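Being a predicted model, the structure only gives us computed values, none of them experimental.
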Amino acid sequence: MTALQKLAEAVQRRQLIIVTGTGVTSSLTANAATSSWLGLLEHGVVHVEDVDPRRGRLMRDKLELFLDDPRVDDLLSLASDIRTELKRAVHDRYGRWLSATVGELRPSQSAVADALGSLGAPLFTTNYDDVLEQALGRGSATWKEPAMMREIAMHNSTAVGHLHGLWNDPDSVIFNDVDYHRIVNNSPAQAIQDAAFGMRHFLFVGFGSGLDDPNFEPLVKRFADVHQTAAFSHFRLCRTDEVRPGSDLDVIADVAYGQHHDNLAGFLTSLAPESISVQHVDRRVKGQERLLRQVRENSTLWREKEVLDEKRFEELVVPPIFLPEPHDQYATNTVIEAESKQIKPVDMGEIVSKGKVLIIAGGESSGVSTALSWAVNEAVRVRPGTHGVLLRKAFGSGPHPITKDVQNIYADWGVPKSEGQEQLVLAVDNLLFESSSRFDRTIADIAQNAAEFKVLGVSQSDTVEVAKALAEEGIDDVDVVYLGRFSDAEAGEIARRVAPGRETRFVTTVMVIIRDKHLPRTPFTITLLMELLNSGKTLKNQDSEMSVLDEYLNLLLFGDFPRVTSSPRMSLRNKRVVIEYLARKLVEAREDKAPYGEVAGWVAELFDEVGWSYEVDVVLEDLKQRRVLSTGPGNTIRFQRSIYLELLAGIAAKGNEEFKKLIFSSPLELASIVRMYAAMARSDTDVLDVVERELDRISVQRPTGSILSSVRKRDAPESLLREPVPLEADDQPAPLEDVVDRAPEQTVYYDRSDDSDRPTFLAARIEDLPPARVAMLVVDLASRVLRDSDEIRDQAHKQRYLGRLLEAWVMFLELYQAELTALPKLDEAVRPIFDKLDLPDKEFVPFMHSLLRVVPSYITYSGLSYCLSSPTLDRLLTQFSAESVPLGEWAALLRTLTLYSGGSIAWVDSLDELSETAVRSWFSASFLAGLARYAYVTDDRLHEEQRAKIRQYLRRVIGARYSFSSVSQRNSAMNNFEADLRSARLREERRPRRSLRVIH
């Protein structure tokens, strides 16, 4: 059998894959100047000559020398020179040059394209242009999209696969030797090429005299080594006079198509297989199969193919939350508005069943793509006779990019391209607003498309512009919804899939981590954290932010995610080195973002220092796809969450003394990084010294506010003076009676808590901040540093530091109350809260005064609980001496509160050490006493001796608060009080055990 016969057989059996070279583009464009590789280089040299004649002359000499014997290595060297000059410009000209050259190519005749299409084979190309797509009306994909390239190779898509990139994605273009190094070392791209080359017959068309391409050479060699007896496996079409003697025994055999280029179209047409009749195709079924395949390819829940193939759509997609306004605005409004006025999440039933155009808006990594999938599936389910198509990319070539993509999908299904769009549910993802002709073409095409229902996925910041552009095209009836962040309920749905039977524990642990560490409350983050738990990580009990974030960040950096297509072959450690270096450079610049060129320069500088040969662009792209870095306005690069920057900067400070000095020079401005450093160093006394100096910012003086002042005595209430009623052993608690206040049941529409990112750097000047704000910054930093410096052995140092820190908390309590009291129009701010309580108007002033004590007390309690409470501090706190600091009496109160908030029962013993002055303060007599009473009744850990100490403390409080007419009346009141306490405790013991459901 000859090579020609083998080729014809491969066509008839549909075992062929076609790869086109520049010869095909030259044929379709009547030999346009930039249609060939040499022509494109010539154009680049001319541009350089215009900009820099001296460099241009050198490059011209190179080009003319190479034309005598055009070797690939020489031409790639020249290409590198050209790209260097294009990128050297103030505004990188490389992408615009590609657009102005190959991007402007248009087909002037289509005979060769039609002939290639008639072979019914998958089409790949090494060309950067999309001339073939224009001629055939097909879509495009590049090597950076391995899932799409695989679909093309399997003949599941009619798109043209660009093995060396496409002009409108400059990062994908393989232009010089460095780019070839990128693609040769890209595992997904090479895996697809190897698999296809080993299983199908390749036909190379338009490759001139040879295939000495750096991407194909290793491919051919690997094939030759494995298949040493496979004859006529692959073919190259060429003119008769170009057939190489003996090539029929090569891996790629030459097949002549005729004496002249004009013979090519006829030769290809002669190979075309006989037409095959197409049976009826159900668009609805095809659409569901395609949508399910897309969801499986992008699943984060399960990433193993054998598991994914078993999952139904409902198992892969948790129904999203749709809000009528952006989440941050929604969270704010639901706090301000009364329950009856609060806006509820959107009921999507009406929209998906009767709507015309829907915009789904969301932030970065919020799950817009998944929401589009859900909307398409739901719309097809409730609209009889419809079918769905989800397009992952909004922009394409030609005047009707959306319509063309839909028609290509129809062609894949084997149905008429021009029919059926009236029953179409069309979803378009990644519709980014930009001032460009391609955006205008896409919007116009969407507006004109006959689809019954259109769903558009947009960035939240682009929502208004996209809606405005649709209105200009005559589409005014548009529903707009915003993606809400997941709550415990949605996290529970994920947990039921990931860890059935353990969902309650998983949800509690994961949502605490997310809220504490300010991670995005998205399906992606929740799923990854649950995956960490499922792999045996005990994250819940970790004290330090580092332990959780380190594990999570490592999974981001090295996990196998569906959309990660770049492959720099870096170890996890090497990636960590890169991002730690970037964090350090950003902190040194006091910026949370930097222009892409500057960031790339930093990484290149690092690679030069350590002698690494990784490609900077590939590494940065990998970090973006892995959601560690992200692109911002003006082509800037930033860490996707500020806490990643803080963590990595803290790590960098641990290994770099100069950088450590830098962050220590501005501890308040860089407080989050100093905290991270302390959490990782754990034994560095330097950080204690640095932060202790910041305590000097808080002026220590005797408290004068009402919170720490003595309560005014009043006559004992009747409830204390009544005759005691002993509780008999068989008494049952009254059904509505409960000595301990419990949160009432409430209707919760949606988790309204905020998970917006926090700034790393303090924006305001310290000097411009009010005293209470400065005090808050100081005690927050100082408390966390002490908590996390738990391996410092100098206990005297830590005791001195603790004393000053507790004093600082006392002053914060004072300053915060003073700031609230001085608020302008305070009564107007309090009035809406008061009115909800339906109290008589005469109670307004006492209520406002009470609020001015309660709010600072709860803020302080929350701060101590979050920043200072830790089992490693229990001994240090219990050993605190009130005599060690001037404000010791009140500092001892906060010591007790800290032990209480951390769950240590050592707080009970500390009650004995409270002075009479401290006990008489409102903070003790009202706030702390309420907590003590609650613990007496509900804390099962307490033994009788400890309860006796609590009773004794509460007796002291009663003595400080109330006046009695006689000793006997006082004794009777105290006995009544203790009897009530014991009764409440007994009722609590008899209460059926109930699980506590926390609603955030």
Does anything in residues 897-914 pair up under salt bridge (Lys or Arg N to Asp or Glu O under 4.0 Å), and if so which pairs, sequence neighbours excluded?
R895-E913, D909-K949, D912-K949
Those residues at least two apart in sequence (or on a different chain) that pass side chain to side chain donor-acceptor pair (under 3.5 Å) with T860 are none
State, with a plain yes or no, whether a side-chain heavy atom of E791 is found less than 4.5 Å away from one of T872.
no
Taking side chain as C-beta onward, heavy atoms only, is D794 less than 4.5 Å from L688?
no
Taking every non-hydrogen atom, the tightest pair across S706 and Q817
OG-NE2, 2.6 Å
For L820 and L826, what are the C-alpha separation, side-chain angles and deciding distance, and is it a side-chain contact (heavy atoms from CB on, under 4.5 Å)?
CA-CA 8 Å; L820 286 181; L826 177 63; 5.6 Å; no
May I ask you to test the H797-I792 pair for a side-chain heavy-atom distance under 4.5 Å?
no
Which pairs, with at least one residue in residues 916-930 and sequence neighbours excluded, count as a salt bridge (Lys or Arg N to Asp or Glu O under 4.0 Å)?
E916-R956
For residues 771-779, which side-chain N or O atoms pair as donor and acceptor with protein atoms under 3.5 Å away, sequence neighbours left out?
none

Check the orientation of Y861 and F927. Use parallel for under 30°, tilted for 30 to 60°, and perpendicular for over 60°.
perpendicular
Is there a side-chain contact between W922 and L708 (heavy atoms, below 4.5 Å)?
no
Exactly one of L893, V810, V711 clears side chain to side chain contact (heavy atoms under 4.5 Å, CB included) with F923, and that residue is L893
Aromatic ring pairing Y900/W907, orientation class (parallel under 30°, perpendicular over 60°, tilted between)
perpendicular
Any donor-acceptor pair under 3.5 Å linking the side chain of E814 with the backbone of P703?
no
Check salt bridge (Lys or Arg N to Asp or Glu O under 4.0 Å) between R590 and all other residues, then give those that pass, not counting sequence neighbours.
none
Hey, could you give me each pair passing salt bridge (Lys or Arg N to Asp or Glu O under 4.0 Å) that has a residue in residues 861-887? Not counting sequence neighbours.
none
Looking at every heavy atom in both I707 and P856, which two are closest together, and how far apart are they?
CD1-CB, 3.7 Å
D780 meets the salt bridge (Lys or Arg N to Asp or Glu O under 4.0 Å) criterion, sequence neighbours left out, with R675, R784
Please tell me whether W809 and S783 have a donor and an acceptor in their side chains that are separated by less than 3.5 angstrom.
yes
Student check: side-chain heavy atoms of V785 and Y677 closer than 4.5 Å:
no
To check you understand the geometry: which heavy-atom pair defines the closest contact between G888 and F880, and what is its length?
O-CE2, 4.3 Å
D696: what forms a side chain to side chain donor-acceptor pair (under 3.5 Å) with it, not counting sequence neighbours?
R804
Which atom of Y962 lies closest to which atom of D715, heavy atoms considered
CD2-O, 3.9 Å
Residues M676, I643; criterion side-chain contact (heavy atoms from CB on, under 4.5 Å); working and verdict
CA-CA 9 Å; M676 282 293 182; I643 201 162; 3.8 Å; yes
Spatial distance of atom CZ (R787) from atom CG (L805) [nearest 0.5 Å]:
12.0 Å
Are any of the side-chain heavy atoms of L781 and V674 separated by less than 4.5 Å?
yes
Suppose we screen for side chain to side chain donor-acceptor pair (under 3.5 Å). Which residues come up paired with E978, at least two apart in sequence or across chains?
R951, R955, R982
I need the full list of side chain to side chain donor-acceptor pair (under 3.5 Å) pairs touching residues 841-853, with sequence neighbours left out, sorted by first then second residue.
R831-D841
Begin with the C-alpha distance, continue with both residues' side-chain angles, and end with the deciding distance and a verdict on salt bridge (charged side-chain N to carboxylate O under 4.0 Å, His left out) for D939 and R985.
CA-CA 10 Å; D939 194 340; R985 174 62 192 161; over 6 Å; no
Taking the inter-plane angle between the rings of Y816 and F812 on a 0 to 90° scale, is it parallel (under 30°), tilted (30 to 60°) or perpendicular (over 60°)?
tilted
State whether a side-chain donor-acceptor pair under 3.5 Å links S924 with Y953.
yes
With salt bridge (Lys or Arg N to Asp or Glu O under 4.0 Å) as the rule and sequence neighbours excluded, what pairs involving residues 859-870 come up?
none
Contact between K798 and Q879 at the side-chain level, heavy atoms closer than 4.5 Å - yes or no?
no
Using a 3.5 Å distance criterion without hydrogens, assess whether the side chain of R941 forms a donor-acceptor pair with backbone atoms of I905.
no
On a heavy-atom basis, which atom in I950 and which in A932 lie closest, and how many Å separate them?
CG2-O, 3.8 Å
Locate the shortest heavy-atom distance separating G705 from S709; write the atom from each residue and the value.
O-OG, 2.6 Å
In chain order, what residues pass the salt bridge (Lys or Arg N to Asp or Glu O under 4.0 Å) check against R765, with sequence neighbours excluded?
D768
Should L837 and F847 count as side-chain neighbours, where that means a heavy-atom distance under 4.5 Å?
yes
